[in-house]
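One structure is given here, and the rest of the page talks about it.
Residue numbers start from 1 in every chain, and the chains themselves are labelled A, B, ... in the order their sequence lines are given, proteins ahead of strands. Excluded from the calculations below are hydrogen atoms, water molecules and symmetry mates; all remaining heavy atoms, backbone and side chain alike, are included.
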Amino acid sequence: MSHSNRSSQTRERTRPERTDSANERTAEQSEEAVCPECAGDVIVDERRGERVCEDCGVVVAEDQVDHGPEWRSFTSQEKRQRSRVGAPVTETLHDRGLSSVIGKGYTDAKGQPLSSETREKMSRLRTWDERFRTRNASQRNLKQAFGEIDRMASALGLPKNVRETASVIYRRAVEEELLPGRSIEAMATAALYAAARQAGTPRTLDEFEPVSRVERQEFARGYRYLARELGLAVEPADPASYLPRFASDLDLPDDAQRRAHELLESGKARGVHSGKSPAGVAAAAIYAGSVLVDEKVTQRRVAEVANVSEVTIRNRYQELLAADRATGSA
DNA sequence: ATGGTTTTTACTGCGTC
DNA sequence: GACGCGGTAAAAACCAT
């Protein structure tokens with residue numbers, strides 16, 4: 001394929017995709033509804049107009065947009081996008097969106113006209129080539145994202161339902177075309193982070209840092225973006241939800257944890273936690289609790305397991321104690 | 001970009017074991 | 001003397017505007 005042909009090929013490539021996927025959908029609907037991934041039953045989500053596997057959550061219907069490179073080179077949005085294709089995204093597409101397509105030529109390599117038979121054959125080949133390509137592109141994206149979510153979830157000890165929520169969030173993001181220009185990795189991490197918080201088993205951004213393949217900043221930004229665009233109703237994490245984990249990491253007895261919880265309650269009543277990092281407040285409560293029940297652990301160790309600085313613990317725990325005294329005497 | 005808030009880093013002095 | 005703790009100042013990170 002010569003270089004001068006490229007732009008016309010790009011157009012060629014994009015337009016047939018639409019009709020292809022439409023054809024496929026109608027074809028598939030009459031077929032038996034069984035998930036290709038796990039052979040589970042496929043259910044229809046009317047509201048979203050998509051078909052999803054009951055068991056593994058895989059989207060079966062191919063009514064999704066192909067998020068391959070150059071997908072929105074015609075829209076005005078492209079101009080606002082700082083980069084059309086984020087590096088990680090391109091890297092994960094095996095062909096980087098640059099592979100050649102079967103063109104619509106009517107002559108052979110020597111310029112001789114093709115027989116109608118051959119032309120038809122090529123046309124069929126082209127159709128299948130396109131199907132294969134687009135189907136794989138979106139499947140691959142989802143699969144990779146889900147794989148990442150799974151991997152990180154188990155690394156962080158997050159339960160299955162959190163992974164599922166994360167998958168749903170991620171798929172929504174894909175549907176709403178929030179992904180272009182962002183890396184799959186970052187968004188997968190962001191989705192999992194959001195899911196963990198929604199499920200009440202939050203992990204701090206710092207905890208995600210080592211298990212994610214992208215920088216903290218990137219998925220943090222991705223998360224904010226997701227939360228805003230998807231209208232995710234994510235409450236600020238409750239410090240109390242960190243207590244059990246911190247306590248167990250520190251081998252603290254139950255009463256220390258209970259005491260910490262009480263401190264949090266009175267602190268919350270006085271608004272000590274508002275605007276402060278929940279993990280910091282929780283860490284301070286744990287520390288204070290351990291002191292109060294005479295099972296003292298050092299600030300240093302609490303700081304380690306909670307991933308906050310000792311200074312933060314000091315500040316918060318003074319405030320917590322003050323709030324506790326005020327509530328106690330009031 | 002900017003400014004306000006929170007957190008972190010780095011450094012200090014004090015007390016205890 | 002090392003260690004835990006408390007405090008402070010300045011830098012960095014975060015967030016909304």
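Taking each heavy atom of A195(A) and T165(A) in turn, the nearest pair found is CB-CB, 3.8 Å.
For the pair R182(A) and Y225(A), the cation sits on the ring face: its NZ or CZ lies under 6.0 Å from the ring centre, inside 45° of the axis.
With rounding to whole Å, K276(A) atom NZ is found 13 Å from dT8(B) atom P. Rounded to whole Å, atom P of dC5(C) lies 15 Å from atom CG of N315(A). Straight-line distance from the CZ atom of R316(A) to the P atom of dC5(C): 18 Å, rounded to whole Å. Put simply, CG on L205(A) is 18 Å from P on dT6(B), counting in whole angstrom units. Per the geometry, CZ belonging to R216(A) stands 16 Å off P belonging to dA12(C), to the nearest Å. Rounding to whole angstrom units, CZ of residue R228(A) and C1' of dC14(C) are separated by 15 Å. Y225(A) places its OH atom 17 Å from the P atom of dA16(C), with the value rounded to the nearest Å. For the pair Q217(A) CD and dC15(C) C1', the interatomic distance rounds to 13 Å; values are reported in whole Å.
Considering only side-chain N and O atoms, R314(A) lies nowhere under 4.0 angstrom from the phosphate OP1 or OP2 of dT7(B). At dC5(C), none of the side-chain N or O atoms of Y317(A) fall inside 4.0 Å of OP1 or OP2 (strictly under the cut-off).
S266(A) and D324(A) share a donor-acceptor pair across their side chains, judged by distance under 3.5 Å alone.
Listed by residue number, the members of residues 292-313 of chain A with any heavy atom below 4.0 angstrom from DNA chain B are N307(A), V308(A), S309(A), V311(A), T312(A).
Of the inter-residue distances, the one linking I184(A) atom CD1 with I149(A) atom CD1 reads 11.0 Å to the nearest 0.5 angstrom. To the nearest 0.5 Å, the span separating CD on Q198(A) from CG on N161(A) amounts to 11.0 Å.
No donor-acceptor distance shorter than 3.5 angstrom exists from the side chain of S123(A) to the backbone of R119(A), with no hydrogens or angles considered. Of the possible donor and acceptor atoms, one in the side chain of E207(A) sits under 3.5 Å from a partner among the backbone N and O of T204(A).
At the heavy-atom level, G275(A) lies under 4.0 Å from the strands shown only through sugar-phosphate atoms.
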